[in-house]
Amino acid sequence: RNAPHYSVPGLKSLGGAERAAIKRYLDGRPDKQGIVQRLKKLADTPWARKTVQAMLIRQTIDDLVAGREVDYQSLLANKDNASLLKALKDHGEDGLWRYIHQEDVIGHAGKPQNSVNGSFVDCLPSKACATFCYATKGNYRFSNPLIKSEVVNWAVENNPVRTAKLAAINYKSTAEYYQDKALRLFDMGDGSMSWLPFIKQMNKEGIRLQIFSKNPDFLKQVPEMNWRALSVDNSNFELAAQHPDLPLAMVFDGSENDIQFERSNRDRILVTLPIKQGQKVLADKATLRRMLGIEGMKKVCPVDGGWKKIKHPTDPKKDFNCTSCDKYGGAGCFQGNVTSKVMKAAAETPHEKNIRELREEIEHDPERFGGKASAKELLGDLDKIVSAIRASVDPRTEEGNESQSEEDSGRTIRVRQIDEGTGRY
């Protein structure tokens, strides 16, 4: 069931039944033409081979949900996947939902710690990404993560809100949720417009998401309270120029072209991800510092940079993953962008936001407000204003008509919910 599939067949090497199954799957996709073009352009790359298997898995799910016989091979149509196959064959869609309820929607890969994966089919990979994709290596070589990602993607496409509520239940059982840390989406695969209702429901559940994507149109629709970045490398830098309004996650290989791009786009880059390609290793901190400088180093992922380990060789207390950076925000993805502060800001009332921003301006540049002594006095006055406002909206400080609602009496200020269409998230 979970054997590694180091080399899966490409489209051209499939049998007739498998090719017919993929054709049926593609015929049902509105983006069929784009998928076919990508498979032709990137044929025989690790991404293309995984995508072929993903399409066969998904068609197997669709056929069994519809009560049709499966006369082709896929990683799912295997006798070792007994519980999932039995649920599908015996009860169709209801059986699949029961199976999803019994299993976690969330996966637990080492680096992100917790993640909900998308489908390889939705990827818009660059040439470098398709060739060196990390989600085709390590534990992702095995069949179970690929099957699970297609099951979850089916659930999101068919009922994104229900799937999000299940994912929220899963995440709220983890320590990371109670430590105010973001949940990763798409450690494998990518998102599509079908995922937007899922994302918004997760935000309603009080969960911030971390999203890397190569799909700019999708990414622009993701609420800004989430961590989001357009993934670029030196085979698709033009994507960054075409979408100047999106923050970036840059794959960095140490070439002169990469160095110049990083320097020119440093203000937009949220994280720099050094990589190993072939025998070229970028895990030397001194080498990276010479290339990127002190300011650029602040954006480097500590794990990909090589000075932090997912599994520390001698001290488990020093194990490090994506959520570690989300605690203090000192480096990498969450530098100055930790989830605890973002979620707190998302729940602020307008007057609280205005006062917080004014306080930050005064503390950052006291000379602008008449010097340190004057700024200190002004901060004291702000504290008095905040106390007065809190007293005026606290129903315990007032007496009045108890039958009158707090909202009607004007004693409360309604907190803006994160799913409202007005203002920013």
Side-chain angles (χ1 to χ4, degrees), residues 57-58 61-62 64-65 83-84 87-88 91-109 112-119 121-122 144-213 215 218-219 221-228 322-323 326 339-340 342-347 414-421 425:
I57 292 168
R58 181 56 187 272
I61 293 172
D62 290 345
L64 292 176
V65 164
S83 59
L84 177 54
L88 280 163
H91 303 288
E93 182 174 340
D94 289 342
L96 182 53
W97 276 114
R98 282 199 291 271
Y99 178 85
I100 294 168
H101 275 262
Q102 293 168 1
E103 301 289 330
D104 274 0
V105 174
I106 294 176
H108 304 284
Q113 190 73 11
N114 305 290
S115 62
V116 180
N117 288 334
S119 174
V121 183
D122 287 328
N144 273 358
L146 191 59
I147 292 169
K148 181 172 183 175
S149 70
E150 291 305 316
V151 169
V152 170
N153 209 61
W154 175 90
V156 168
E157 290 180 0
N158 282 273
N159 195 328
V161 172
R162 180 179 182 178
T163 310
K165 289 180 178 180
L166 290 175
I169 291 171
N170 295 160
Y171 194 52
K172 289 176 181 179
S173 69
T174 69
E176 287 74 27
Y177 170 77
Y178 291 98
Q179 293 167 351
D180 293 320
K181 295 182 178 181
L183 171 64
R184 175 73 177 273
L185 290 194
F186 317 133
D187 190 46
M188 174 197 289
D190 205 336
S192 66
M193 296 301 182
S194 299
W195 281 82
L196 293 174
F198 174 94
I199 291 168
K200 292 176 181 179
Q201 181 62 38
M202 291 293 279
N203 293 162
K204 287 182 182 180
E205 298 282 345
I207 297 170
R208 187 190 188 205
L209 302 170
Q210 182 187 20
I211 302 170
F212 293 82
S213 177
N215 185 338
F218 157 70
L219 206 56
Q221 299 299 316
V222 173
E224 291 183 12
M225 68 172 288
N226 299 286
W227 190 100
R228 59 195 187 120
C322 293
T323 70
D326 200 5
T339 294
S340 59
V342 171
M343 295 302 286
K344 182 178 179 180
R414 186 171 65 92
V415 177
R416 178 169 59 87
Q417 300 300 309
I418 61 174
D419 59 328
E420 287 185 357
Y425 286 86

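All residue numbers refer to positions in the sequence shown, counting from 1. These numbers come from a predicted model, not from an experiment. All heavy atoms count here, side chains included; hydrogens, waters and symmetry mates do not.
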Is it the case that N203 and N226 place a side-chain donor and acceptor less than 3.5 Å from each other?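 Note: N203 and N226 side chains meet the donor-acceptor criterion.
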Does a donor on one side chain sit under 3.5 Å from an acceptor on the other, for D190 and S213?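 The criterion, which ignores hydrogens and geometry beyond distance, is satisfied for S213 and D190.
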pair [X]-[Y]: side-chain heavy atoms closer than 4.5 Å:
X    : Y    : value
Y177 : N114 : no
L84  : V151 : yes
H101 : R162 : yes
P160 : T163 : no
F198 : M202 : yes
D326 : W227 : no
N215 : W195 : no
R184 : F212 : yes

Shortest non-hydrogen contact from [X] to [Y]?
X    : Y    : answer
A346 : M225 : CB-CE, 4.5 Å
V156 : S194 : CG1-O, 3.7 Å
P223 : R228 : O-CD, 4.3 Å
Y99  : A87  : CB-CB, 4.4 Å

Salt bridge present between K172 and E205 (N-O < 4.0 angstrom):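 The answer is yes: the pair qualifies as a salt bridge.
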Quick one: do D62 and R58 make a salt bridge, cutoff under 4.0 Å?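 So D62 pairs with R58 through a salt bridge.
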Partner of I100 by side-chain contact (heavy atoms from CB on, under 4.5 Å), out of N159, V152, L166: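 Answer to the side-chain contact (heavy atoms from CB on, under 4.5 Å) test with I100 among N159, V152, L166: L166.
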Gap between atom [atom2] of [Y] and atom [atom1] of [X] - 0.5 Å precision:
X    : Y    : atom1 : atom2 : answer
N117 : E150 : CG    : CD    : 10.5 Å
L185 : S115 : CG    : OG    : 8.5 Å
I207 : Q201 : CD1   : CD    : 9.5 Å
S149 : W154 : OG    : CH2   : 14.5 Å
L88  : L96  : CG    : CG    : 5.0 Å

Please step through side-chain contact (heavy atoms from CB on, under 4.5 Å) for the pair I211 and I199, ending with a clear verdict. CA-CA 10 Å; I211 302 170; I199 291 168; 3.8 Å; yes
Would the distance check show the side chain of S340 and the main-chain N or O of D180 forming a donor-acceptor pair, the cut-off being under 3.5 Å?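 Answer holds: no.
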Residues V105, Y171; criterion side-chain contact (heavy atoms from CB on, under 4.5 Å); working and verdict: CA-CA 9 Å; V105 174; Y171 194 52; over 6 Å; no
Reference residue T339; test side chain to side chain donor-acceptor pair (under 3.5 Å); the match among Q179, K344, K181, R208: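 Option passing the side chain to side chain donor-acceptor pair (under 3.5 Å) with T339: R208.
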Does K148 form a side-chain contact (heavy atoms from CB on, under 4.5 Å) with D104? I'd like the steps, not just the answer. CA-CA 10 Å; K148 181 172 183 175; D104 274 0; 4.2 Å; yes
With side-chain contact (heavy atoms from CB on, under 4.5 Å) as the criterion, how do F186 and D122 come out once you've worked through the C-alpha distance, each side chain's angles and the decisive distance to 0.1 Å? CA-CA 10 Å; F186 317 133; D122 287 328; over 6 Å; no
